[in-house]
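Remember, predicted model here, so these are calculated numbers, not experimental data.
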Amino acid sequence: MQKSLIGLEIIRKFHKNTPNSPGVYRMFNENKQVLYVGKAKNLHKRIKNYTDLDGLSERIKKMISETREMEIIQTHTENEALLLEQDLIKQLNPKYNIMLMDDKSYPYLTISKEDIPRLGKFRGDKNSLNHFFGPFPSSLAVNESIKLIQSVFGLRTCKDTMFKNRERPCLLYQIKRCSGVCCGKITPAEYRAQVDKAIDFLKGNNKEIIDDLSSKMRIASANQEYEKAIVYRDKITYLNQILKRNSLGTIDGFTDIVVIIKKEDKYEIEVLFSRNSITCGQYSYFPENTKDATENEILTSFIEQFYSNHDVPEQILTNIEIDGKTELEDLLSEIKKTKVVIETPQRGDKKKVVDTIVQNAKLHLERKFIEDSNNKQYMIDLAKLFELKTPPKRIDVFDNSHIFGTDKIGAMIVAGPTGFQKDNYRKYNIRSDIAGDDYKMMDEVLTRRYTRAKAEHTLPDLIIVDGGRGQLDIAYNVIRNLELETPIVGIAKGENRNAGEETLYQKGHRPINLAKNDPILFYLQRIRDEAHRFAITTHRKKREKSHFRSALDDIDGIGATKKKNLLNYFGSVKNIVNSDISELVKVDGINKNLAEKIYKTFH
């Protein structure tokens, strides 16, 4: 039998005993590596599709030819199968699965359901404690919306601890971004009325609110109360700033626009979030493992992956018709627990919106092409500069951070032909007591990293360390002691630490000083600075945490058990700091006297 037909026969035999139930299936090659993870509403029918090569893409035919074994996991529903499939894809990174890269969580604007509700932002699993509006593409976008909502409705953003202990209004009241309800500037009933208006506006009921403000502005102006009229005018302006974000047309309800475009062998998927006629923002994705895949296959896979861990909208607008649309709608409806519609508009406002997003996607993909082209050229230039055998596909860059030897952190970032690979960033808490010795810190971090990398076969093609000959010697000794041959480069700052005066060190080579306007120097500065940023950010978080822990240690009566109980109850250090006495006493082992000590320590 031809080798290419062995996989087909294996699948046919496996298919005979496959149940008619939902589940997940996996295909393995001769080395037990997972080739593909799929899900199905009916495993028997789904796997039957692989038993006839006619009509299958070349990519799927190649996968079948490599298959030597199959396994299934039965589930109760297709929704369960989807969630399991996505978990397995992320864990196993199968060769033939289309991968949604850079999947991220999105922040939401929230209004709490307290007696005196609070305006804020939230990232994570939704709860019943807040009203949620969004998602937004970034924290910056949420912060801008919060500022505008505050300016119109005067909602508080302060933590409960601060709110309950105010004696005078804060600065936000002075600049007219808070109503001062904490100090009785308005009554709780008046404040809640403002909260209701804010919720109505965010739900899309904006015309009545703007009309009401316009009427009050005219009345104030007619009564020659010009300062009051200006306040109403400014509020109308702020609301219109939010509404103008939806310059793409009117899209009612809870809608996502998802479009796919292609240039050469690269695809981009653009997602825009529209909530009650307000555009929250959009985000670009560049899926991988798409060779020989169709646009339809990629878009369907993206939608399944994306909405397995993001809010499912009531409506999804696409720029191409999706094969199997009904089945995909049924799956999304099962996740959302209400009807979900997928539509490819052919005319009208919806078509105009989709066309606009397609044009935006083309611009983003063009920019991605330029960035990837530049990055590939950087890899070629690095190979020439440092006499590497081939352009590097993975570069590990290291930096350390500490303050006088305390809260010591080692940080590693990863770069390559596709830019920064943030999923591979790593932080290292320095274990040894070395009192800020940068050389020993570098030794520990590199030893830990490459002992593990050697076992896991995740070695880079180039290592870059922040520092001169000393750091280079340390890194060189670690790599040679582990019997590795990965090339290493040290980047030392100039005498006055000025950008453009860096010296590049490589074992067995003369030091290199590049021209200040050399593109490869700019690239090396960029990745060095990214490593420094990651190290500083990580160190700052550790320092804040250790400061909190040391402060708790100084409180008489707080030991390891009570510290653990506090963290288990509140979930985070930040929540403990922001809690009040009535909340602290709810923790096992914390009485009123101890709660008062904790509160006074942080306030």
Tell me whether [X] contacts the main-chain N or O of [Y] through its side chain, where contact means a donor paired with an acceptor under 3.5 Å.
X	Y	result
E268	L365	yes
S221	M217	no
N223	E225	no

[X] versus [Y], closest heavy-atom pair with distance:
X	Y	answer
S151	K147	OG-O, 2.9 Å
V181	F163	CG1-CE1, 3.8 Å
P169	C183	N-SG, 3.5 Å
T418	D372	CA-OD1, 4.1 Å

Kindly assign one of parallel, tilted or perpendicular to the pair F201 and F153, based on the angle between their ring planes and the thresholds 30° and 60°.
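The rings of F201 and F153 sit tilted, inter-plane angle from 30° to 60°.
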Test side chain to side chain contact (heavy atoms under 4.5 Å, CB included) on M99 and Q305; report intermediate values, then the result.
CA-CA 9 Å; M99 300 295 293; Q305 290 188 53; 5.5 Å; no
Between CD1 of I236 and OG of S214, what distance do you get to the nearest 0.5 Å?
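Rounded to the nearest 0.5 Å, the CD1-OG separation comes out at 3.5 Å.
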Go through the structure and list residues passing salt bridge (Lys or Arg N to Asp or Glu O under 4.0 Å) with [X], not counting sequence neighbours.
X	result
E530	R533
K427	none
D211	K207
E583	none

With sequence neighbours excluded, residues passing side-chain hydrogen bond (donor to acceptor under 3.5 Å, both in side chains) with [X]:
X	value
S179	none
H532	D399
S308	none
D355	K351

Judged by modelled atom types alone, do N130 and Y108 share a side-chain donor-acceptor pair under 3.5 Å?
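Not at all, the side chains of N130 and Y108 share no donor-acceptor pair under 3.5 Å.
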Could you list the residues that satisfy side chain to side chain contact (heavy atoms under 4.5 Å, CB included) with [X], not counting sequence neighbours?
X	result
L119	L109, I111, I146, I149, Q150, L155, T157
Q91	D87, L88
E366	K263

Could you pull out every donor-acceptor pair under 3.5 Å between side chains of residues 185-193 and any protein atom, sequence neighbours left out?
residue: T187; atom: OG1; partner: E190; partner atom: N; Å: 3.1
residue: T187; atom: OG1; partner: E190; partner atom: OE1; Å: 3.3
residue: E190; atom: OE1; partner: T187; partner atom: N; Å: 2.9
residue: Y191; atom: OH; partner: P117; partner atom: O; Å: 2.6
residue: Y191; atom: OH; partner: R156; partner atom: N; Å: 2.9
residue: R192; atom: NH1; partner: D115; partner atom: O; Å: 3.1

As a quick check of understanding, evaluate side chain to side chain contact (heavy atoms under 4.5 Å, CB included) for R448 and E444, giving each step before the final call.
CA-CA 6 Å; R448 287 166 58 186; E444 178 180 330; 3.1 Å; yes
Give me the one residue out of V258, I260, I357 that meets side chain to side chain contact (heavy atoms under 4.5 Å, CB included) with N319.
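Testing each of V258, I260, I357 against N319, the sole residue satisfying side chain to side chain contact (heavy atoms under 4.5 Å, CB included) is I260.
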Indicate yes or no: at least one non-hydrogen side-chain atom of F254 is less than 4.5 angstrom from one of Q315.
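No. Closest side-chain heavy atoms not under 4.5 Å.
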Is the shortest side-chain heavy-atom distance between I590 and K562 below 4.5 Å?
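Yes, side chains in contact.
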Answer yes or no: does atom NZ of K592 have more than 12 heavy-atom neighbours from other residues, nucleotides or ligands under 6.0 Å?
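No, because the 6.0 Å sphere around NZ of K592 holds 12 heavy atoms or fewer from other groups.
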For E227, does the CD atom have more than 12 heavy-atom neighbours from other residues, nucleotides or ligands under 6.0 Å away?
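For E227, atom CD is not crowded (no more than 12 foreign heavy atoms under 6.0 Å).
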